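Have a look at the structure below, then the notes.
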Amino acid sequence: MADQTPAKLDEAHLQELEQKFDPEMRFRPTVPPASQIVKWLLVVLSCFHYYTAGFGLLREATHRGVHLAFVLGLIFLVFAFSRRGQEQQRPSSWAAPGGVPLADWLLAAAVAVSVLYIPYVFDDLAFRVGNPSSFDVLMGTVLVVALLEATRRSMGWPLPVIALVFMTYSLFGDSFPGLLRHSGNTWGQLVNHLYLTSQGIYGIAVGVVATYVFHFVLFGVLATRIGLGQLFLDVASAAAGRYAGGPAKVSVFGSAMFGTLSGSSVANAVTVGSLTIPAMIRVGYPRHFAAAVEATASTGGQITPPVMGAAAFLMIEFLALPYQTILVAAVVPAFMHFFGVFMQVHFEAKRTGLRGLTEEELPSLRDSLARRWPTLIPLALLIGIIVNGYTPYLAAFAGISSCLIVGLTTAERGNTARGLASLVVLHAILVTLLLSGSHMYAVLLFLATVVATPPLLARLGIRGRIDAAAVVETLETGAKYALAVGAAAATVGIVIGVVTLTGVGFKVSYIVTSAAQSIAAFVAPLLPGLLQPQSVMLFAALLMTGVVCILMGAGIPTTANYLIMVTVAAPTLVQLGVEPIVAHFFVFYYGVLADITPPVCIAAYAAAGMAGSEPFRTGNTAFRLGLGKALVPFVFVFGPSLLLVTKGFAWSDFAITFFGCALGIVALSAALSRYFLREMRAWERALAVAAALLLIAPGLRPTLVGLLLLAPVVLRQFFAWQSSRAAATG
């Protein structure tokens, strides 16, 4: 059968795949006037966040209220009630203006009013908390019901069902058994806590999305639009494409670099996979393996600095740490994730004899750099501002502004001295204004730039990478990408509100701790002197937490998973002596793993759709490729030095832990691939797995024991490799 995979998938097909496999991207088709209304509301939402990042944030309740009113209102206009409504375009009529049913217009208005009611009564809110009026309860009820429906439309059933379960627990707590029993709450008390306080819907989750996440999503969309993503792919191809199994290694490198711009696994898989999946299939990788490589590598985008997933920004608020601390802590674990995928790809290529890309198939790195080097400026500026201690949203503002400058003043080919001079001058003005604190003037300058630059340069014969129309389209797209995560954050606020209202988090912590103690009491005596009860207890608690994270992640997105687990499970780990930042990273990483864990693994399903492979088989292969990531969180819990920023950090501890973790990943990858230097026998694979588990354990002693176990495997493989070479040359 001939290979029917196109060399490169077109952009329309990529968007189709993204909408098919990611419920957050399934937008309903509309016609005027609805299409124009929705478009400009989305643009206004993006401009609002760009404005506040430059001028400074509004009062907390107002800022979160405006953000949430736009997000939830737009969801009812952008997402249809059912899957059928998302696939079929309705004609405009009095019952469906612009193809959007009248009921959805009314729901959009109702939810916007109920959200903005809180900022409106803010000055009187202190007198209402604990004693809500009937109208307060009515408005809160409207918001809760509309929020659950908005989340169902944009993300599916799992998260709203979880929220409903928690609400049921709050209302009927006196019906639950044992430790879970509590006195119960009335509907008015529940609405009061969720609606009128900052511990519910208007809580930290919505605040982080409105303050940080939206800005970085918009930056990622703009940076990709001006060509930075393509530059990363070209660099990855030049670095790894010529070696054995080259396209798969390009997939790993490209996803790592593209992950610096995008915190979305599906967007990463679709964008990078459009190039790498067809190339992998052409050189001989099975379709399911090609898709699995891209899916697994793409999940790393959420853990790769500087533009990580929303959970990284939530850590800032939960842990009260600067963003640069979170970025530094994420560097080594992110490297270990990509290193693990890379090693399995390498061993698979060697085992099956797959070739690399030829010179004709490789892009010209020199040509790509010559055409796209200015696109590196926004990312460098963003990182520089973060590293120098400024707020993340100011860094995102600078990055967005820089993307506009680069996109409007430079072209892919034929940049003139005038165009490059305008690039330098505008960046100099931007940096000067930002560092002087004159953000208002910076905003006005770049609004003027957006309007004035394209026609001015056109008169000089200079055409930029984007024009004003492309800027508007990017603002619209960036806002669309942020709708679902905004709804999810508000719905998770319901879960967090119930946890704080009922105290169920402490009860769950007690249950997990008690179960871990029982396991430790049974297991530790089996190997006296080797197993410490406290370590066994912590390991059992970590194992239970990881399993729950994966199960939760099978139905809800990473951000929601992180928020729920960090509220319920992270306190348990802290009670067992784990540093808060380590506990948060453990929960975060296992939530990300859910994107490639069957049966619901959206990144794997998206990649399978591009490769034409069986989705479930792709998901199983992706999970196997991602097992290195599953081990790394255990490493940094028992060896916190791997995160670089923990208390008592020592370079000697870091070196031992890093070396052991890297070797352990190599050993595990070889065992899973059944190949090291030659095909591995069953006893070699068993020893390699045992050695890997010891190598990733903290401390010098288990590392040395792991090396001893691995030694006979390496020796046998080396002699077998030498024999095969001698036979080939003889």
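The structure displayed is predicted, hence computed values, not measured ones.
- The two residues Leu381 and Ala398 make their nearest non-hydrogen contact at CD2-O, 3.8 Å.
- Considering only residues two or more places apart in sequence or on other chains, Thr567 meets the side-chain contact (heavy atoms from CB on, under 4.5 Å) condition with Ile496, Val499.
- Residue His215 holds its NE2 atom at 10.0 Å from OG of Ser46, rounded to the nearest 0.5 Å.
- Take Phe176 and apply the ring-ring contact (aromatic ring centres under 6.0 Å, His included) test, not counting sequence neighbours, and it matches Tyr169.
- Take Glu149 and apply the salt bridge (charged side-chain N to carboxylate O under 4.0 Å, His left out) test, not counting sequence neighbours, and it matches Arg152, Arg153.
- Distance check, rounded to the nearest 0.5 Å: OG of Ser198 to CD1 of Ile118 gives 11.0 Å.
- Smallest separation of non-hydrogen atoms from Pro392 and Tyr323: CG-CB, 3.6 Å.
- Legend: residues meeting side chain to side chain donor-acceptor pair (under 3.5 Å) with Thr211, ordered by chain and number and at least two apart, are absent.
- The side chain to side chain donor-acceptor pair (under 3.5 Å) test applied to Thr572 returns Ser509, not counting sequence neighbours.
- When only modelled atom types and interatomic distance are considered, Tyr195 and Thr141 share no side-chain donor-acceptor pair under 3.5 Å.
- Within the 4.5 Å cutoff, the side chain of Thr545 has no heavy atoms near those of the Tyr590 side chain.
- No donor-acceptor pair closer than 3.5 Å links the side chain of Lys480 to the backbone N or O of Val78.
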When the side chains of residues 105-114 are checked against the rest of the protein, which donor-acceptor pairs come out under 3.5 Å, sequence neighbours left out?
residue: Trp105; atom: NE1; partner: Pro97; partner atom: O; Å: 3.2
residue: Trp105; atom: NE1; partner: Val100; partner atom: O; Å: 3.1
residue: Ser114; atom: OG; partner: Ala110; partner atom: O; Å: 3.3
residue: Ser114; atom: OG; partner: Val111; partner atom: O; Å: 2.9

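- The main-chain N or O of Thr646 is never found under 3.5 Å from a side-chain atom of Glu579 such that the two would form a donor-acceptor pair.
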Requested in this report: Given side chain to side chain contact (heavy atoms under 4.5 Å, CB included), test Leu68 with Leu116 step by step and report yes or no.
Outcome: CA-CA 8 Å; Leu68 201 55; Leu116 293 173; over 6 Å; no
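- Residue pairs meeting the salt bridge (charged side-chain N to carboxylate O under 4.0 Å, His left out) criterion with at least one member in residues 182-205: none, sequence neighbours excluded.
- In this structure, the ring-ring contact (aromatic ring centres under 6.0 Å, His included) partners of His67, at least two apart in sequence or on a different chain, are His49.
- Aromatic ring orientation, Phe219 versus Phe216: perpendicular (interplanar angle above 60°, classes split at 30° and 60°).
- Side-chain contact check for Val144 versus Met167: some heavy-atom pair is nearer than 4.5 Å.
- Residues Asn185 and Thr502 have side chains in contact (heavy-atom distance under 4.5 Å, counting atoms from C-beta outward).
- Residues passing the side chain to side chain donor-acceptor pair (under 3.5 Å) test with Glu317 are Tyr212, sequence neighbours excluded.
- In this structure, Tyr117 and Phe135 have perpendicular ring planes: the angle between them is above 60°, well past the 30° mark.
- Ion pairing between Arg225 and Glu473 holds under the 4.0 Å rule for side-chain N and carboxylate O.
- Residue Leu222 is tested with Val406, Val217, Thr477, Thr474 for a side chain to side chain contact (heavy atoms under 4.5 Å, CB included); the sole match is Thr474.
- Taking CG of Leu159 as the reference point, atom CG of Leu148 lies at 8.5 Å (rounded to 0.5 Å).
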Query raised in the report: Hey, mind stepping through Leu74 and Phe79 against side chain to side chain contact (heavy atoms under 4.5 Å, CB included) and telling me if it holds?
Result: CA-CA 8 Å; Leu74 278 163; Phe79 293 91; over 6 Å; no
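- Residues passing the salt bridge (charged side-chain N to carboxylate O under 4.0 Å, His left out) test with Glu60, sequence neighbours excluded: Arg64.
- Considering only heavy atoms from C-beta on, Leu643 comes within 4.5 Å of Pro333 through its side chain.
- With rounding to the nearest 0.5 Å, the separation of CG in Leu77 from CG in Leu72 is 11.5 Å.
- The shortest non-hydrogen separation linking Leu394 to Ala53 is CD1-O, 4.1 Å.
- Residues Phe48 and His63 form a side-chain contact, since some pair of their non-hydrogen atoms from C-beta on lies under 4.5 Å apart.
- From Ile385, atom CD1 reaches atom CD1 of Ile383 across 11.0 Å, with rounding to the nearest 0.5 Å.
- Between the side chain of His584 and the backbone N or O of Leu319 there is no donor-acceptor pair closer than 3.5 Å.
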Requested in this report: Take Leu45 and Val66 through the test side chain to side chain contact (heavy atoms under 4.5 Å, CB included) and record every step on the way to the result.
Outcome: CA-CA 9 Å; Leu45 178 59; Val66 171; over 6 Å; no
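- In this structure, CZ on Phe70 lies 9.5 Å from CG on Leu42, to the nearest 0.5 angstrom.
- In plain terms, the two heavy atoms of Pro580 and Val574 that are nearest each other are CA-CG2, 4.1 Å.
- Not a single side chain to side chain donor-acceptor pair (under 3.5 Å) links Ser35 to another residue, sequence neighbours left out.
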Query raised in the report: Please walk me through it: do Arg181 and Asp174 pass side chain to side chain contact (heavy atoms under 4.5 Å, CB included)?
Result: CA-CA 5 Å; Arg181 183 182 178 89; Asp174 55 353; 4.2 Å; yes
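- Taking 4.5 Å as the limit, some side-chain heavy atom of Ser401 sits within range of a side-chain heavy atom of Tyr50.
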Side-chain donor-acceptor contacts of residues 483-494 below 3.5 Å, not counting sequence neighbours, with atom names and distances?
residue: Thr491; atom: OG1; partner: Thr151; partner atom: OG1; Å: 2.5
residue: Thr491; atom: OG1; partner: Ala487; partner atom: O; Å: 3.0

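- Scanning all heavy atoms of the two residues, the minimum distance from Ile326 to Phe585 falls at O-CZ, 3.8 Å.
- Distance alone, capped at 3.5 Å, is enough to place a donor-acceptor pair between the Tyr202 side chain and the Val115 backbone.
- Contact detail for Pro378 and Ile226: the closest heavy-atom pair is CG-CD1, 4.2 Å.
- With His193 contributing its side chain and Gly497 its backbone, the two residues share a donor-acceptor pair below 3.5 Å.
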Query raised in the report: Going through the distances and angles, do Phe397 and Tyr393 end up as a ring pair (Phe, Tyr, Trp, His ring centres under 6.0 Å)?
Result: CA-CA 6 Å; Phe397 170 79; Tyr393 55 85; 9.8 Å; no
